[in-house]
Amino acid sequence: MVEKELTKLEEYALENNIPIMQKDGINFLSNFIKSHNIKSILEIGTAIGYSAIKMANTSKNVTVTSIERDSKRYLEAVNNVNNVKLDNRITLIFSDAFDVKLDSKYDLIFIDAAKAQNEKFFEKFKYNLNDNGYIVTDNMNFHGLALKDEKEIESKNVRGIVRKIKEYKEFLVENQEFDTEFLDIGDGIAVSHKKGE
Ligand code: SAH
Ligand code: MG
């Protein structure tokens, strides 16, 4: 039943230009959650709840908290989560992530919101990570644009976002607290693991 709803969400997202995770990316993330025995997840950027549902659907032991600032998308996500009866394991928060104060700790933090803000999300929410936890960031390739020469990108706005993603990559490479692996899966995924003492 969930599978059927997920297919509908994939079609809806495609028709309405909602940037949900690519198939390869979400499959990787689902397997990662299973193989690393992840139980609690914080997601930044719910959109219509597609990835939250996918992640919660990996196991009955998984809970997801997800933050969305767009009211229309948030309401759609609430509806979609209720439809698949996962409201007991998925908590949706309607807010700008920068205004949210969370005390809980999570095994996995999934950053999939405004691409120019990745470093700020990382720095804010790393305190909500359990020891040995992971921070996963989506769209490191930004639809392939982050792999291009900046001069080839016409839009100034897009160029700015691409520059930010490159800076974020540098930030992760040089980070003393986390080790990061960059995977060429989906739209590019970064997996950052908190280093042991
Ligand atoms: N994770 C979803 C896709 C998220 S798309 C999936 O794969 O199914 C990115 C979403 O992040 C958008 O809906 C956008 O409104 C939201 N967003 C961007 N910046 C945000 C912020 N600062 N706080 C909360 N949500 C944000
Ligand atoms: Mg994404």
Side-chain angles (χ1 to χ4, degrees), residues 2-3 5-33 38 41-58 62 64-81 83-84 86 90-102 106 108-126 128 134-147 157-158 160-162 164-165 168-169 182-192:
V2 178
E3 290 307 321
E5 290 301 319
L6 283 164
T7 307
K8 277 195 216 160
L9 293 186
E10 284 164 9
E11 287 165 4
Y12 179 83
L14 194 66
E15 280 162 21
N16 295 280
N17 278 321
I18 298 161
I20 62 167
M21 261 203 127
Q22 294 183 9
K23 272 246 167 76
D24 290 359
I26 193 65
N27 286 343
F28 164 79
L29 194 53
S30 300
N31 288 327
F32 185 90
I33 289 165
I38 304 285
I41 301 167
L42 173 65
E43 176 182 62
I44 320 298
T46 319
I48 58 172
Y50 174 76
S51 53
I53 292 170
K54 273 279 198 180
M55 293 191 288
N57 205 31
T58 55
V62 169
V64 180
T65 298
S66 184
I67 309 170
E68 174 58 55
R69 70 176 172 191
D70 180 279
S71 63
K72 184 167 179 277
R73 286 187 177 173
Y74 163 77
L75 289 172
E76 287 181 344
V78 169
N79 212 20
N80 292 331
V81 166
N83 258 341
V84 293
L86 281 173
I90 300 178
T91 305
L92 299 172
I93 300 174
F94 171 46
S95 173
D96 190 303
F98 291 114
D99 299 330
V100 175
K101 172 93 185 69
L102 294 169
Y106 303 85
L108 173 76
I109 296 174
F110 176 45
I111 303 176
D112 192 18
K115 305 307 160 195
Q117 310 287 326
N118 283 341
E119 188 176 328
K120 282 195 199 153
F121 292 131
F122 190 104
E123 289 291 30
K124 175 176 164 87
F125 290 106
K126 68 179 184 188
N128 294 98
Y134 294 87
I135 299 182
V136 170
T137 312
D138 190 31
N139 306 98
M140 293 300 293
N141 295 345
F142 197 48
H143 321 297
L145 292 169
L147 306 171
N157 189 17
V158 173
I161 297 172
V162 165
K164 281 284 194 182
I165 292 173
Y168 179 58
K169 204 166 180 175
F182 298 93
L183 304 170
D184 203 6
I185 297 173
D187 192 26
I189 293 174
V191 179
S192 308

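Because the structure is predicted, anything quoted here is derived from the model rather than measured. When a ligand or atom number is given, it counts from 1 through the structure's own listing order.
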- Message: Distance under 4.0 Å to a non-hydrogen atom of Ala97: what atoms of ligand 1 satisfy this?
- Response: 21 (C), 22 (N), 23 (N), 24 (C)
- Compute the shortest N/O to N/O distance between Phe98 and ligand 1 and return yes if it is under 3.5 Å, no if not. no
- Task: Pull out every atom of ligand 1 sitting under 4.0 Å from any heavy atom of Tyr50, numbered as shown with elements.
- Result: 8 (O)
- Task: Tell me which protein heavy atom sits closest to atom 9 (C) of ligand 1, plus the residue, atom name and distance to 0.1 Å.
- Result: Asp112 O, 3.2 Å
- Message: Check whether Phe142 forms a cation-pi arrangement with Lys115 (NZ or CZ under 6.0 Å from the six-membered ring centre, at most 45° off the ring normal).
- Response: no
- Query: Which ligand 1 atoms are under 4.0 Å away from a heavy-atom of Phe121?
  - Reply: 22 (N)
- Query: Would you say Asn16's side chain and Tyr12's backbone share a donor-acceptor pair under 3.5 angstrom?
  - Reply: yes
- Under 4.0 Å to a heavy atom of Glu43 - the qualifying atoms of ligand 1, by number: 1 (N)
- Message: Classify the ring geometry of Phe98 against Phe121: parallel below 30°, tilted from 30° to 60°, perpendicular beyond 60°.
- Response: parallel
- Would you mind finding which of Ala116, Ala52, Gly25, Ser51 brings a heavy atom closest to atom 8 (O) of ligand 1? Ser51
- Query: Does Ser51 bring an N, O or S atom to within less than 2.8 Å of the Mg ion (ligand 2)?
  - Reply: no
- Query: Judged by atom type as modelled, is there a donor-acceptor pair below 3.5 Å linking the side chain of Lys54 to the main-chain atoms of Leu6?
  - Reply: no
- Item | Check: Phe110 N/O within less than 3.5 Å of ligand 1 N/O | no
- atom 16 (C) of ligand 1: of Lys54, Lys120, Glu68, Glu76, the nearest heavy atom sits on Glu68
- For Leu102, does its backbone N or O pair with a side-chain atom of Asn128 as donor and acceptor, under 3.5 Å? yes
- Min heavy-atom dist Thr46 to ligand 1 below 4.0 Å: yes
- Message: Parallel, tilted or perpendicular, judged at 30° and 60°: which one describes the rings of Tyr74 and Phe94?
- Response: parallel
- Query: Between Asn31 and Asn27, is there a donor-acceptor pair closer than 3.5 Å when you use the side chain of the first and the backbone of the second?
  - Reply: yes
- Message: Under a 4.0 angstrom heavy-atom cut-off, which atoms of ligand 1 come close to Met21?
- Response: 6 (C), 7 (O)
- Residue Pro19 vicinity, atoms of ligand 1 by number, heavy atom under 4.0 Å: 3 (C), 5 (S)
- Report yes if Ala113 has an N/O atom closer than 3.5 Å to an N/O atom of ligand 1; otherwise report no. no
- Item | Residues Lys120, Glu123: salt bridge by 4.0 Å N-O rule | no
- Message: Can you name the atoms of ligand 1, numbered from 1 with element, that are less than 4.0 Å from a heavy atom of Asp96?
- Response: 21 (C), 22 (N), 23 (N)
- Just by distance, do the side chain of Asn80 and the backbone of Ile48 share a donor-acceptor pair under 3.5 Å? yes
- Task: Using modelled atom types only, decide if a donor and an acceptor are shared between the side chain of Ser30 and the backbone of Met55 within a distance under 3.5 Å.
- Result: no
- Task: From atom 18 (C) of ligand 1, work out which of Gly45, Ser71, Ala114, Ser95 has a heavy atom at the shortest distance.
- Result: Ala114
- Query: Just by modelled atom types, is the Ala146 backbone N or O under 3.5 Å from a matching donor or acceptor in the Asn141 side chain?
  - Reply: no
- Item | Min N/O separation Asp70 to ligand 1 under 3.5 Å | no
- Item | salt bridge (charged side-chain N to carboxylate O under 4.0 Å, His left out) between Glu5 and Lys8, intermediate numbers included | CA-CA 5 Å; Glu5 290 301 319; Lys8 277 195 216 160; 3.3 Å; yes
- Query: Which atom, counting only N, O or S, brings Asp138 closest to the Mg ion (ligand 2)?
  - Reply: OD2
- Query: Can you name the N, O or S atom of Asp112 that is closest to the Mg ion (ligand 2)?
  - Reply: OD1
- Query: Of the choices Lys72, Arg73, Lys115, Arg69, which has the non-hydrogen atom that lies closest to atom 21 (C) of ligand 1?
  - Reply: Arg69
